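Down below is the structure, laid out as structure tokens.
Throughout, a chain's letter reflects where its sequence line sits, starting with A, and its residues are numbered from 1. Since we're looking at a predicted model, the values are computed, not measured.
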2 protein chains.
Amino acid sequence: MLDDATARTAVTAAADRLFYARGVQSVGMDAVRAEAGVSLKRIYALYPSKEDLVVAVLAGRTQQWADGLDRWAAEADTPREQVLAVFDFLDAWFREDGFRGCAFINSFGELGATSPRVAEAVREHKESFRRYVEELVQEAGLPDAVALQVVLLAEGAQTTAAITRDADVARQARAAAEALIDAAVPA
Amino acid sequence: MLDDATARTAVTAAADRLFYARGVQSVGMDAVRAEAGVSLKRIYALYPSKEDLVVAVLAGRTQQWADGLDRWAAEADTPREQVLAVFDFLDAWFREDGFRGCAFINSFGELGATSPRVAEAVREHKESFRRYVEELVQEAGLPDAVALQVVLLAEGAQTTAAITRDADVARQARAAAEALIDAAVPA
DNA sequence: GCACACGGAGAACGACCGTTCTCCGACGGT
DNA sequence: ACCGTCGGAGAACGGTCGTTCTCCGTGTGC
């Protein structure tokens with residue numbers, strides 16, 4: 001018997017795998033039950049509706065994303081390198097097996113128009129990413145405008161890597177960010 | 001009675017409106033029939049399956065996109081401005097009522113994992129956009145690497161504008177592209 | 001005027017999905 | 001040993017969807 005906490009993580013982890021691989025709407029709750037090994041009754045006790053489960057999955061991804069960014073930034077030596085570490089993080093991610101683009105962008109495209117809660121979760125995630133980059137940019141003594149430029153390159157790299165299946169875009173996005181940073185500091 | 005050609009465009013135009021506004025999977029074929037004013041029997045005579053209709057809609061969007069880019073590029077005075085016209089085109093688009101992001105990215109997130117034909121249509125579109133920018137960049141005498149940078153900024157601008165509902169990102173993406181172009185030409 | 005092919009409206013069909021319910025076996029307290 | 005409770009397995013329910021079929025009115029060729 002699983003306590004609620006472990007059942008919760010089993011369900012969200014299973015749902016995350018399935019939703020990310022196939023899209024939310026093409027995964028039935030029964031598939032989540034089979035993947036998680038948790039009965040439907042239990043799942044509905046923990047998450048009253050599929051939408052709740054989707055939101056929980058996205059919340060988990062936001063957490064993982066923040067942790068991953070922190071880990072890569074921590075390995076950078078200089079504040080400038082910390083900003084650029086965003087792209088090293090992306091590079092490693094793009095090369096993972098089963099990379100299928102940004103789960104938030106995918107969910108937004110699929111459900112943003114019909115589920116305000118999902119749309120809001122996506123907005124919050126992107127907002128928190130932007131704030132995170134802003135902090136790094138400020139610590140590096142760069143103008144605020146650089147933060148949004150880095151964000152745009154990172155978002156563009158994610159969708160482009162997903163669609164073209166070319167992981168090298170991370171490196172090229174990094175090079176673009178380097179050029180923008182260099183252009184932003186007074187020579 | 002409509003001839004096949006007009007019925008085709010009525011159906012694809014209606015499907016385009018509905019799919020773009022609500023997502024593909026949440027629009028039933030019956031809603032397409034109502035919006036287009038074309039009977040189900042006729043629709044299935046023109047497009048043997050919903051997937052065929054989706055692919056046709058995406059093909060139409062690829063055409064519209066190319067036309068729009070051409071129109072904006074034609075108004076630019078210099079080759080450099082032609083490259084940057086991409087972002088003016090995006091700016092105008094982001095400000096349109098009902099803007100919901102890039103239909104290709106949305107469709108890819110929703111169906112890319114389950115429909116190879118949709119995934120392929122999206123890839124072809126993004127590929128043709130990249131080639132188009134490459135041409136502009138070459139005509140402006142800029143290094144090839146600038147083309148992908150412009151593409152990444154444009155893609156990032158589209159997803160960011162859709163999610164944050166902030167049309168101003170087009171201007172900031174343009175500014176970033178200007179900086180990258182300036183950095184790419186030997187001073 | 002009539003047979004006939006055609007297209008539209010919408011019912012029908014089979015499949016699936018989110019959610020709930022039923023049934024039954026297992027386990028803990030006395 | 002017995003009773004009550006809990007949770008799991010899976011059937012059931014109501015709804016929707018993609019696709020096909022049926023029926024009927026219309027218009028055309030003779």
Checklist entry - To the nearest Å, how far apart are A/L18 CG and C/dC17 P? => result 12 Å
Next on the checklist: I want to check something: taking the side chain as every heavy atom from C-beta on, are A/Y47 and A/T12 in contact at a cut-off of under 4.5 Å?
Outcome noted: yes
Checklist entry - Could you state the CZ-P distance from A/R42 to C/dT19, rounded to the nearest angstrom? => result 18 Å
Next on the checklist: Whole angstroms only, please: what is the NZ-C1' distance between A/K50 and C/dT20?
Outcome noted: 17 Å
Checklist outcome for this item: Residue set satisfying side chain to side chain contact (heavy atoms under 4.5 Å, CB included) with A/P79, at least two apart, ordered chain then number -> A/A140
Next on the checklist: Expected output is a numbered-order residue list: members of residues 51-61 of chain A with a heavy atom under 4.0 Å from any atom of DNA chain D. What is it?
Outcome noted: none
Would you mind writing out the side-chain donor-acceptor pairs for residues 22-31 of chain B within the sub-3.5 Å range, not counting sequence neighbours?
{"unit_1": "B/S26", "atom_1": "OG", "unit_2": "B/R22", "atom_2": "O", "d": "2.6"}
{"unit_1": "B/D30", "atom_1": "OD1", "unit_2": "B/R33", "atom_2": "NE", "d": "3.1"}
{"unit_1": "B/D30", "atom_1": "OD2", "unit_2": "B/R33", "atom_2": "NH2", "d": "3.3"}

Checklist entry - What pairs of residues pass the side chain to side chain donor-acceptor pair (under 3.5 Å) test when at least one of them lies in residues 146-166 of chain A, not counting sequence neighbours? => result A/K126-A/E155
Checklist entry - Does any pair with a residue in residues 57-70 of chain A pass salt bridge (Lys or Arg N to Asp or Glu O under 4.0 Å), and if so which ones, sequence neighbours excluded? => result A/D16-A/R61
Item to check | Which residues share a side-chain hydrogen bond (donor to acceptor under 3.5 Å, both in side chains) with A/E139, sequence neighbours left out | outcome: none
Checklist entry - For the residue pair B/A121 and B/L58, what are the closest heavy atoms and their distance? => result CB-CD1, 4.0 Å
Item to check | Pairs where residues 71-80 of chain A contributes a residue and the test side chain to side chain donor-acceptor pair (under 3.5 Å) is met, not counting sequence neighbours | outcome: A/R80-A/D182
Please list, one pair per line, the donor and acceptor atoms closer than 3.5 Å that link side chains of residues 89-98 of chain B to other protein atoms, with sequence neighbours excluded.
{"unit_1": "B/D91", "atom_1": "OD1", "unit_2": "B/R95", "atom_2": "NH1", "d": "2.7"}
{"unit_1": "B/D91", "atom_1": "OD2", "unit_2": "B/R95", "atom_2": "NH1", "d": "2.9"}
{"unit_1": "B/R95", "atom_1": "NH2", "unit_2": "B/D168", "atom_2": "OD1", "d": "2.8"}

Item to check | Short side-chain N/O contact from B/K41 to OP1 or OP2 of C/dG7, under 4.0 Å | outcome: no
Checklist entry - Per the end-axis method with five pairs at each terminus, what is the bend angle of the helix from C/dG1-D/dC30 to C/dT30-D/dA1, to 10°? => result 10°
Checklist entry - Can you check the A/L46 CG to D/dG8 C1' distance for me, whole Å? => result 14 Å
Next on the checklist: Tell me the interatomic distance from A/L40, atom CG, to C/dC23, atom P, rounded to whole angstroms.
Outcome noted: 18 Å
Checklist entry - Which residues satisfy the side chain to side chain contact (heavy atoms under 4.5 Å, CB included) test with A/R100, sequence neighbours excluded? => result A/Y20, B/A113
Checklist entry - What is the distance from OH of A/Y44 to P of D/dG10, rounded to the nearest Å? => result 17 Å
Checklist entry - With sequence neighbours left out, what residues match A/E81 under salt bridge (charged side-chain N to carboxylate O under 4.0 Å, His left out)? => result A/R174
Checklist outcome for this item: Within residues 19-31 of chain B, the residues having a heavy atom closer than 4.0 Å to DNA chain C are none
